[in-house]
Amino acid sequence: MLRAPELLLPAGSLAKMHAAFDFGADAVYAGQPRYSLRVRNNEFSRPEALASGIEQAHARGKQFFVASNIFAHNSKLKTYLQDMAPVIAMKPDALIMADPGLIMMVRDQWPDMPIHLSVQANAVNWADVKFWHRMGLTRVILSRELSLDEIEEIRQRCPEMELEVFVHGALCIAYSGRCLLSGYFNHRDPNQGTCTNSCRWDYKVMNASEDASGDLARIPVESISLNYRQALDEANASFSSMGDMERHPLADRPYMIEEAERPGQLMPILEDEHGTYIMNSKDLRAVEHVERLVKIGVDSLKIEGRTKSLYYAARTAQVYRTAIDDAVAGRPFNMDLLGQLQGLANRGYTDGFYQRHHTQDHQNYMAGASELHRSQYVGDVQGVRDGWAEVDVKNRFVVGDQLEVLHPGGNTLVRVAQIQSLDGAAMDAAPGSGHRVRIALDQRYDKALLARML
């Protein structure tokens, strides 16, 4: 009998925490703003919210982990133990940490406090895991840069340690959190929780020439305005993932890039057979590998996205819960799950490093399946009265649209027959974010989330 791994979801707020639990999560993690990698959009910056979150999670029989995973500079060492004391008193189920010095300080002060090694520490081999086990840690969150085969070897060599891996969410363009772009542009350090995601900004690409010394200079011709998403999709369609096609000649020319908010500041950009550097990564989606991870015996499957929406928490929890339950029960992977995740805001999907090489047939098959069940988040049901649901609108939908109603009790499809304003006036469309409307919906779907089928 296979054992179900923990499903671990991000919690940027109490509402997102409850959505994660409602839709299938076993545990959540939240950051302490001064000492974690998420300063912005973090409701748990208020101590009373953090205490309430831990208490409410425990009341539901769930776990709550607190991220304290920065690499601290000297100034933060002065306040760390003092600031952590009230957090420890709240009795979180574990601290997620990366800095060996901070780990040592917690170990000395609170020897019984469970510590999970953050992905920031980049544990990439079984010796790493054994070292941290000797240091008294209870779990290692493995580096995102590992393949399934490497994870399996670590599991076999380290049966005594809990292992956690990421299966969904944003990826860094460097080893997790080690990118320097945000610090270079904005003097905001990713390792201090203030990353501005510079890898995802809008860049223009310009022709450049290379002199005898290897320095690059812009060629005085018109710049190339590049739609990066379109170019990436075209490149993926044009080149073989197995590397058996000839390299495009334009890939060997030098280029420079200019960020939209910094005109005139030109930076060299290089490309080799592994890809184009400085640009953003696709988002991780590894739901198709859940079965293998369950069979390997990974203890926790983790989703990234503490700043994402309530809908993101609900949808990812529901999809990955289904994938885990199917794997444990021996049911084959449901390809429809790929399409359900497609409706989330994303920058294109990749399964990261889990598989080193994909055949073109496999990629096409996966891409085709991802087009199934496509949807767009359109609203939250605030309450239902006399057969009419009040909807907080997130995106436009119209009479005649088919909506998927996401609810912990089960999803259903409904056709929008009528839309009313809150004062009862008939409307042809729900205009978009910032509006509230009413639609006909059963009482059992109170607090549901709505997605328009595309």
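Excluded from the calculations below are hydrogen atoms, water molecules and symmetry mates; all remaining heavy atoms, backbone and side chain alike, are included. All of these numbers come straight from a predicted model, not from anything done at the bench. One-based numbering along the sequence shown.
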Note to self: As a quick check of understanding, evaluate side-chain hydrogen bond (donor to acceptor under 3.5 Å, both in side chains) for Arg34 and Thr79, giving each step before the final call.
What the structure shows: CA-CA 10 Å; Arg34 180 168 165 79; Thr79 57; 3.1 Å; yes
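- Closest heavy-atom contact between Glu304 and Ala170: OE1-N, 2.9 Å.
- Residues passing the side-chain hydrogen bond (donor to acceptor under 3.5 Å, both in side chains) test with Tyr312, sequence neighbours excluded: none.
- Considering every non-hydrogen atom in both Asp325 and Arg331, the closest pair reads O-NH2, 3.5 Å.
- Note on residues 61-73: no pairs pass salt bridge (Lys or Arg N to Asp or Glu O under 4.0 Å), not counting sequence neighbours.
- Residues forming a side-chain hydrogen bond (donor to acceptor under 3.5 Å, both in side chains) with Gln82 (at least two apart in sequence, or on another chain): none.
- Residue pairs satisfying the side-chain hydrogen bond (donor to acceptor under 3.5 Å, both in side chains) criterion with at least one member in residues 412-424, sequence neighbours excluded, are listed as follows: Gln420-Arg438, Ser421-Asp423.
- The backbone N or O of Ala286 lies less than 3.5 Å from no partner atom in the side chain of His289, so there is not a single donor-acceptor pair.
- Between the side chain of Ser52 and the main chain of Glu48, no donor-acceptor pair closer than 3.5 Å is present.
- Between Arg292 and Glu152 there is a salt bridge, since a side-chain N of the basic residue sits under 4.0 Å from a carboxylate O of the acidic one.
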Note to self: Please determine whether side-chain hydrogen bond (donor to acceptor under 3.5 Å, both in side chains) holds for the pair Glu404 and Asn411, giving the CA-CA distance in whole Å, both sets of side-chain angles, and the decisive distance to 0.1 Å.
What the structure shows: CA-CA 7 Å; Glu404 181 183 18; Asn411 296 0; 3.1 Å; yes
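- Between Phe44 and Phe64, a ring centre-to-centre spacing shorter than 6.0 Å is recorded.
- Leu310 contributes atom CG, which lies 12.0 Å from atom CE of Met17 (distance to the nearest 0.5 angstrom).
- Across all their heavy atoms, Ala389 and Val381 have their closest contact at CB-CG1, 3.9 Å.
- Partners of Tyr311 by ring-ring contact (aromatic ring centres under 6.0 Å, His included), not counting sequence neighbours, listed by chain and number: Tyr377.
- Taking each heavy atom of Met113 and Asp93 in turn, the nearest pair found is CE-C, 4.2 Å.
- Residues that satisfy the ring-ring contact (aromatic ring centres under 6.0 Å, His included) test with His407, not counting sequence neighbours, are Tyr445.
- In Arg3, the CZ atom is crowded: over 12 heavy atoms of neighbouring residues, nucleotides or ligands sit closer than 6.0 Å.
- Across all non-hydrogen atoms, the minimal contact from Leu7 to Gly24 is CD2-O, 3.8 Å.
- With salt bridges taken as basic N to acidic carboxylate O contacts below 4.0 Å, none links Lys76 and Asp99.
- Distance check, rounded to the nearest 0.5 Å: CD of Glu164 to NZ of Lys302 gives 4.5 Å.
- Of all heavy-atom pairs between Ser36 and Gly31, the closest is OG-CA, 3.4 Å.
- Using modelled atom types, no side-chain atom of Lys16 and backbone atom of Ser309 make a donor-acceptor pair closer than 3.5 Å.
- Evaluation of the salt bridge (Lys or Arg N to Asp or Glu O under 4.0 Å) test over residues 100-114, restricted to residues two or more places apart or in two chains, returns none.
- Legend: side-chain hydrogen bond (donor to acceptor under 3.5 Å, both in side chains) pairs involving residues 392-401, not counting sequence neighbours, sorted by first then second residue: Asp392-Lys394.
- Under 4.0 Å is where a charged nitrogen must lie from a carboxylate oxygen, and between Arg155 and Asp299 at least one such pair does.
- With sequence neighbours excluded, the residues forming a ring-ring contact (aromatic ring centres under 6.0 Å, His included) with Tyr80 are Tyr35, listed by chain and number.
- How far OG of Ser118 is from CG of Leu137: 11.0 Å, rounded to the nearest 0.5 Å.
- Under a 3.5 Å cut-off, the side chain of Gln56 and the backbone N or O of Gly53 do not form any donor-acceptor pair.
- Side chain of Asn334 to main chain of Asp336: a donor-acceptor pair is present (N/O by atom type, distance under 3.5 Å, no hydrogens or angles).
- Remark: Leu337 CG to Thr322 OG1 distance equals 6.0 Å, nearest 0.5 Å.
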Margin query: Under the criterion side-chain contact (heavy atoms from CB on, under 4.5 Å), I'd like the reasoning laid out for Leu450 against Val405: C-alpha separation, chi angles, the key distance, then a yes or no.
Written below: CA-CA 5 Å; Leu450 305 177; Val405 183; 3.9 Å; yes
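- Residue pairs meeting the ring-ring contact (aromatic ring centres under 6.0 Å, His included) criterion with at least one partner in residues 95-127, sequence neighbours excluded, are Phe65-His116.
- Considering CD1 of Ile70 and CE of Met97, their distance stands at 9.0 Å, rounded to 0.5 Å.
- Each salt bridge (Lys or Arg N to Asp or Glu O under 4.0 Å) pair with one or both residues in residues 123-132, not counting sequence neighbours, appears once here: Lys130-Glu160.
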Next item on the list: Would you please test Asp26 and Arg321 for salt bridge (Lys or Arg N to Asp or Glu O under 4.0 Å) and show each step?
Entry: CA-CA 9 Å; Asp26 301 299; Arg321 177 81 270 155; 3.1 Å; yes
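- The ring-ring contact (aromatic ring centres under 6.0 Å, His included) check on Phe23 picks up nothing, with sequence neighbours excluded.
- In the displayed structure, Glu55 atom CD is contacted under 6.0 Å by at most 12 heavy atoms of other residues, nucleotides or ligands.
- Rounding to the nearest 0.5 Å gives a distance of 13.0 Å between CZ of Arg285 and CD1 of Ile303.
- When ring centroids are compared, His168 and Tyr320 come within the 6.0 Å threshold.
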